[in-house]
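A note on names: the letters A, B, ... follow the listed sequences, proteins ahead of strands, and every chain is numbered from 1.
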Amino acid sequence: MTLDLKAYENGNRPTWCPGCGDYAVLKVIQRALLELGIAPEDVVLVSGIGCSGKISHYFGGYGVHTTHGRVLPVAQGIAAARPDIAVIAAGGDGDGYGIGVGHLVHAVRRNLPLTYVVMDNGVYGNTKGQTSPTSPTGYRSSTSPHGNADEPVHPLRLAWSAGATFIGQGFSGDIRHLVELLKQAVSHPGFALVNVFSPCVVFNKTHDYAFYRRSVFYQETPARSSAELIQLLETHPFPLGVLWRTDRPAAARLETGPADAVPSDCMRRWLRGTLG
Amino acid sequence: MTLDLKAYENGNRPTWCPGCGDYAVLKVIQRALLELGIAPEDVVLVSGIGCSGKISHYFGGYGVHTTHGRVLPVAQGIAAARPDIAVIAAGGDGDGYGIGVGHLVHAVRRNLPLTYVVMDNGVYGNTKGQTSPTSPTGYRSSTSPHGNADEPVHPLRLAWSAGATFIGQGFSGDIRHLVELLKQAVSHPGFALVNVFSPCVVFNKTHDYAFYRRSVFYQETPARSSAELIQLLETHPFPLGVLWRTDRPAAARLETGPADAVPSDCMRRWLRGTLG
Amino acid sequence: MVIAICGYTGQGVETAGAILSEVLRANGRRFRTWRDFSTIIRGGLTSFEAYVDEDTGGEAPARLHAVDVAVVWDRQAAERYRDRVRHVTGLYGAATVDGVPNANRDVLDPVGFNLWALGVVACKLGLSPEDVQAAAMAHFHQRVNLEPLHRGYAKAAGSTSSGPVQASDAPDTAILSGNDALCLGAIHGGVRIYCGYPITPASEILEYMAAWLPEVGGRAYQVEDEIAAIHMAIGASYAGMRTFVATSGPGIDLMTEGLGYAATIEVPLVVVDNQRGGPSTGMPTKTEQSDLRHLLYAGHWEFPRIVLAPTGVVDCLAVIQEALNLADLHQCPVLVALDLDLALRRISVPWETVNDALMRVPALRGRTVLPPASVHGYRRFAAEDGGLPWRTVPGVRGGGYVASGDEHDERGWMEPDFQSVRPTLHRRRLEKVHCVRYDRPLTPVGSPEAPVCLVGTGAMGELIHAAVAAHPDLYRGVLLRQLWPVPADGLLAAVAGAREVVVCEYNATGQLAHLLATTVPDGGCRTVRRYDGEHYTVEAFLAALEAAGETLHGRVRG
Amino acid sequence: MVIAICGYTGQGVETAGAILSEVLRANGRRFRTWRDFSTIIRGGLTSFEAYVDEDTGGEAPARLHAVDVAVVWDRQAAERYRDRVRHVTGLYGAATVDGVPNANRDVLDPVGFNLWALGVVACKLGLSPEDVQAAAMAHFHQRVNLEPLHRGYAKAAGSTSSGPVQASDAPDTAILSGNDALCLGAIHGGVRIYCGYPITPASEILEYMAAWLPEVGGRAYQVEDEIAAIHMAIGASYAGMRTFVATSGPGIDLMTEGLGYAATIEVPLVVVDNQRGGPSTGMPTKTEQSDLRHLLYAGHWEFPRIVLAPTGVVDCLAVIQEALNLADLHQCPVLVALDLDLALRRISVPWETVNDALMRVPALRGRTVLPPASVHGYRRFAAEDGGLPWRTVPGVRGGGYVASGDEHDERGWMEPDFQSVRPTLHRRRLEKVHCVRYDRPLTPVGSPEAPVCLVGTGAMGELIHAAVAAHPDLYRGVLLRQLWPVPADGLLAAVAGAREVVVCEYNATGQLAHLLATTVPDGGCRTVRRYDGEHYTVEAFLAALEAAGETLHGRVRG
Ligand SMILES: Cc1ncc(C[n+]2csc(CCOP(=O)(O)OP(=O)(O)O)c2C)c(N)n1
Ligand SMILES: Cc1ncc(C[n+]2csc(CCOP(=O)(O)OP(=O)(O)O)c2C)c(N)n1
Ligand code: SF4
Ligand code: SF4
Ligand SMILES: [Mg+2]
Ligand SMILES: [Mg+2]
């Protein structure tokens, strides 16, 4: 059977707002998998809670729509248990950099092979536009009517600081670029973070498509040193591409299938060895 | 009344193991406050769960011994509510960089004025020596009998990446240095992270006093740029001193005392204004 | 009169509702609004309904099934209301919608639909076009094309109109939702700091606090999650400031550990649960009353708590203040069970009523010692006189102690002799809620002679009022305000002589009925339950009550 | 014979206990150990006790109050045992300790104390010095000064000795704690992946899994917190692998949201709660059975769950496997209530018994569809035949679906028509545990004629066995293995004819008694409760039972 894009859809019509950046991310995931030749049923798309989190509902393979902020633990459980399955985690900036940021730090450290796509729109879209961890300082919303006082999360340098082995950034407004980026991420043998500027056309009036078109910078090759990466991020606040890549070994995963019995003699030996 | 060190004690005899690095941290906090002339009852020492977390039980002022990993939320609640009170948060590496690392990232971003002292011993001391987030890769313990596979947390560069305004590092083996460091941290008008190498003499056999005596590097002045900080951390894995300092404004805090009544007319206006 | 506007999210249906509400308010009209939600931000079907000048016995009109005027954007919207309009002539809509009478149709643009609908319903409600126009201009800061509004007016005026209604005598009226009332009450009760995390239907509370608190020197913080929210609140409360946290379903789960911690260190803590459809992420935009068991029993035990529930919007003004008082008086968590319907329902209330409810509850801080006081020989957790211990806050000289989640002795020391500490300190802590003296643990409704007694909380309040008003000889009601400890004496007195007790709740397993089963005499009660996310209308509720005698889930035994 | 060694943490008391246990094991002796904990890592008082060759009716000797030989390091340690030794000549110790008979004292160094004590008790137990010496050498990898051991032997031999005891006929004996048994059972039941976070008394489970799983191709991960642990387990289970999570008090709170999520997406999930003293951080090293209400009711509702509890150490081998089966069969969370005592108690068990218990439970995966199977027209949450739906795992062709915590339809779609979905899907999900068929929901003990029936779970098992053995005409027992749904029929049958039902539990509020109150006939039962963190000894338990008739907390009514 040859695969086509249809195989990666499940017939549910997305209910995102017209123009939402998340449409592009869905399409990109589908295309990248097709181009990599990974069958939809050999993929689990794990998503968080938020507008972005709905993405698993439109995917033709396996999907998990988790609790808010826990997309990475669930995704890592799958990745650890099933080396034969590709795992893509996807969610929003609130989900991943707010409530879930601790899991991000630890997932980066653990380096289990999976791709994490964050649809970064700088707001809590699904709960109606509140300030999010990537909203810029001064941003006004219903929860920061006097202007956001916090420093935003800087996801890329945060991931770098935790020891990330793959960091990429894309933009919903450039699908072709994003497909290439995602293919590299999915092929990466460890944890890959892909931050995607994915505009919320309803609630975020400052970081819209036009803003990103003006601001992005295409970086052709990953930084070769920490210093270079930091320098890049300080010079170009919105760089796109694979920005960082190292080859620290990935965490070990399961070796066996579920059905193997353990000879009770083996257990007897353990009992002796550990407790005797 | 003139203050002396006694005022910062409460008569409870610490039950840490003889030689534990946490004794020094307790002493340092007491001395620094005395030298700064802050009365013990104008201080809250908020601690996490772990051997390190017991520290609040030996302090002569106010103490809060929180739930595991939540030392920073509790401390921030106090700091936000009581600008007249100094808040010192203190806990272990497991507490602060493991379960609590998400709160650390967000506390750094929020920048409420408080000092966070982490007694970094590279193990879960209180639960009997398991691998912790700062245990080095390859570290063997009851939970990583085949060697720790994870990249350790790098607390300083993590805090930097989140936008920290004060980052310091000390060592239980150098009390005088640590007192000076802590005084600067407590005087800092925003969030100050102080990582302290505080050896666990029972469970961590690799990172003991001798190791640190060999490895530390005294840095006299804070780095003047991100590049300089990153360079420093790459050159010297164990630098001591105030390493980073910026003047991003601290988060706003309460202005009034608890008792002020709100004229109901004011509320009537709100009702009209917001809902009319 | 009942009116409805139904279109797609993004078409401004809510805006039309807000403008209409403001004009009704300014005219002193009595109403309740209802709005429909969808997790779909743009494109889902959404309704606004208003129940105006109906008297169903409670603080405002309850939801009714029968609709007088429904303005619909398309066929799907028309489907929703076709069966609810009293007469087909009540159906108005875009020219493209089949089944709408010809005289009620107009060629409409998706953008102007909401103003057109506003014109239709405002006309039917007898509101003056000038008032509505002014309110719309104010809402849009003058930048709006009012032509559809006028066309809507004209369309409605062309058909039978109910004629202009006189403004009532008391035009000083406020519009209030349960969430609004909670915030007003809290600030009045001394809350100056609020930490919250967005979640439907509690986000508004964070939003209101963020808007209002700075005006009185207070501060609101949007924090990273509900674990942070409850622990920050514990910190602020430990430090002597009044605060509370509000959340819903998933958030209340995450607050579980904090709850037990607050109880253990005996810090006052008020937690509001705006219940929505469960389990898990569930039905975030739908109402339910299914968290009761969690509120009563969650957290690894054993610690004391008090659970309250308001009986209506205005009651929220008082309940939150009473909760703050009980938390201070008992130094323990006080949980407030709200539900989505009650939290978001907007009603018109005379300002006088709001003011009275706000003022009725004086702030009681119990044994809280604030600076600049000082104490001597202080033992934080000692309570020699059988009452509560005194609680110092930072700054009080001589008052230093450590508040530890580890079991501790009377000074707070975490490594005590447990065998001596547990039978005294632990028992005292557990038993202190046995003597909660709450002013009004329940509100009786109707005549004590009526044979069937309906029991409920929260959003059930308006329905019980309506049922009693409709059949005063058959039904009486008990609106429970204190759920834990169960106000057994009051409840027994209130149901005395009833032939039948029917517990009414929005959940599948009869959680309230199970809680009350051992208190209600004859060991049982019938239940009326609904758990599809929808509110009962009065008509549907009366039908469910009638059916309950026969078909519903039978008796719940203790 | 009952022996005790008591010194300070850091002195190696536990090590002496481990060596002693190994020699006892190798000699096929029947015993149970007990150890005392302290949150103080170095310097707190700590005890090791062993109950050897006593027969108290259960799987191993129960804890007894009367001690034959107690070896104490200092005066504080002596205080602990002075009242417990049968005769003062049973007290041995350092020369500095008052009250120890002269003949039993020796000049001791803090470092050699543990080996000296080992010598004393080994001699009294009739163990050969060669065996003990060899075990000690093995333990310390030869690097140890055995002089104190020999001195201890000599000291004890000098006084009245019980004489060498013959090794039993069945020397193939294992030492097993509840935690060990759980891990063995789990791995035997197919668990190959484990995610955990350290917490007393569940840390050992993570440690055992980290040591053993890689040997069978499995993996254990120490993760960042309990929220991550449960969600990783959910991921692994969704993906078709068997797993479980284990934690205690604070950790079980943090797992609350995950529990409801697993239930909503109908993924099998086994959660073990090693209960310790609550509330909050509480008494981490002390035992309690106080989380029952949380296990039964936590989580914003409403979702199904099953709650099990082992009745002893060997039973843990089966219960965890049964839990894995029930989770797969019912596609829902299965909670296992353990307690600190049962988790850490070590007993000697003939390997044969371990093996039998391991083998007795065949793995049942219910309607799980594993690759390389494929399915057609698949609807994950549809259950036309009144049974459970079929559950595919990734890799199964045609089996793709989304597992959503949002309420969903039969395909998993999250924006369905709730009014049609709730009465079918939600009810099915809630009601599927109504038909749990659990092989042995309870274990009756003793004669059905005995008038007083003792009911308990977990650590109460050995005490109920002992009480029945001591007074077979007075007491019988019911050890509950299935706590939810309450096995009403079995329970009624088991207590039939009893004059009195006494529920025995380690908590302050009678949580088990409240749960059972409505099932037990005559609507009530007496309770025996303890909540100071200490275990009952058999003697203390019998006394508490006697007192219960008169003075204890009276009847619990449903
Ligand atoms: C524990 C918990 N807290 C809060 C919520 C409510 N909630 C749903 S979506 C969301 C924010 C989502 O923001 P983001 O992750 O940026 O996604 P977006 O909608 O912008 O794509 C929140 C707070 C929840 N479901 N669970
Ligand atoms: C929610 C929760 N999980 C686990 C524990 C058990 N626990 C107590 S202390 C501790 C680790 C402490 O390690 P660290 O913070 O490094 O402190 P240390 O003892 O090394 O000073 C853990 C996991 C707990 N109390 N609460
Ligand atoms: S609200 Fe924003 S993020 Fe959500 S679907 Fe609409 S455009 Fe996308
Ligand atoms: S175990 Fe380690 S960290 Fe804990 S008190 Fe002892 S030396 Fe300190
Ligand atoms: Mg977002
Ligand atoms: Mg540590």
Side-chain angles (χ1 to χ4, degrees), chain A residues 10 12 15 39-47 49 54 56-57 59-70 72-82 84-85 87 102-103 105-106 110 251-262 264 266-268 270-276, chain D residues 22 25 174-177 180 184 187-188 190 192-193 195 208 211-212 215-219 221 223-225 227-229 231-243 257-258 261 265 346 351 354-355 358-359 370 394-406 412-415:
Chain A
N10 68 0
N12 290 332
T15 55
E41 285 129 336
D42 291 333
V43 181
V44 186
L45 179 57
V46 187
S47 68
I49 297 292
K54 292 187 183 182
S56 55
H57 283 268
F59 177 63
Y62 286 82
V64 188
H65 187 202
T66 67
T67 52
H68 187 40
R70 314 310 168 192
L72 286 179
V74 173
Q76 287 174 93
I78 301 169
R82 294 291 301 274
D84 55 328
I85 294 292
V87 180
H103 301 305
V105 167
H106 294 294
R110 195 168 293 124
R253 310 201 268 173
L254 230 55
E255 286 166 3
T256 64
D260 311 34
V262 176
S264 68
C266 172
M267 295 198 166
R268 190 160 154 202
W270 295 342
L271 263 188
R272 286 290 171 79
T274 318
L275 311 166
Chain D
E22 171 52 19
R25 185 200 66 73
I175 302 175
L176 209 62
S177 71
D180 298 337
L184 286 185
I187 295 177
H188 193 265
R192 289 295 177 279
I193 180 165
C195 301
Y208 297 168
W212 295 346
E215 294 207 21
V216 288
R219 287 283 172 266
Y221 300 87
V223 300
E224 59 269 29
D225 62 19
I227 295 178
H231 282 88
M232 284 181 74
I234 289 171
S237 179
Y238 168 88
M241 286 301 303
R242 281 192 150 184
T243 186
E257 192 189 10
Y261 175 55
I265 62 171
R346 296 224 143 101
W351 170 252
V354 175
N355 204 42
L358 272 178
M359 298 298 167
L370 295 169
V396 171
R397 303 295 138 181
Y401 74 99
V402 56
S404 177
D406 277 75
W413 171 241
M414 69 176 269
E415 281 158 353

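For A:I49, the part lying near chain D is the side chain, with the backbone staying farther off; criterion is any non-hydrogen pair under 4.5 Å. Looking at A:V44, only its side chain comes within 4.5 Å of chain D, counting heavy atoms on both sides. The contact between A:T15 and chain D is made entirely by side chain atoms (from C-beta outward), counting heavy-atom distances below 4.5 Å. Heavy atoms of D:Y238 lying under 4.5 Å from chain A belong exclusively to its side chain.
Nearest heavy atoms, D:G395 versus A:I85: N-CD1, 3.9 Å. The two atoms that bring A:P73 and D:M232 nearest to each other are O-CG, 3.0 Å, heavy atoms only. For D:V402 against A:S56, the heavy-atom pair with the smallest separation is CG2-OG, 3.5 Å. Of all the heavy atoms in A:R253 and D:Y221, the pair that sits closest is CA-OH, 3.6 Å.
The most heavy-atom pairs under 4.5 Å with chain A, out of D:E257, D:E415, D:R397, come from D:R397. Interface check for chain D: of the options A:K54, A:R82, A:H57, A:H106, the most heavy-atom pairs under 4.5 Å are formed by A:H57. Contact count versus chain A (heavy atoms, under 4.5 Å) is highest, among D:P394, D:A239, D:A228, D:G235, for D:P394.
One finds a salt bridge joining A:E255 and D:R219 here, because a Lys/Arg side-chain nitrogen approaches an Asp/Glu carboxylate oxygen to under 4.0 Å.
Counting heavy atoms from C-beta on, the side chains of D:H231 and A:L72 never come closer than 4.5 Å.
Judged purely by atom type and a 3.5 angstrom limit, A:E41 uses its side chain to pair as donor or acceptor with the backbone of D:G398. For the pair A:Y62 (side chain) and D:V396 (backbone), a donor-acceptor distance under 3.5 Å is present.
Atoms CZ and OH, from A:R70 and D:Y261 in turn, are 12.5 Å apart once rounded to the nearest 0.5 Å. The line from CG of A:L254 to OG1 of D:T243 is 9.5 Å long, rounded to the nearest 0.5 Å. In this structure, OG1 in A:T67 is found 11.0 Å from CG in D:D406, a value given to the nearest 0.5 Å. Rounding to the nearest 0.5 Å gives a distance of 10.0 Å between CH2 of D:W413 and NE2 of A:H65.
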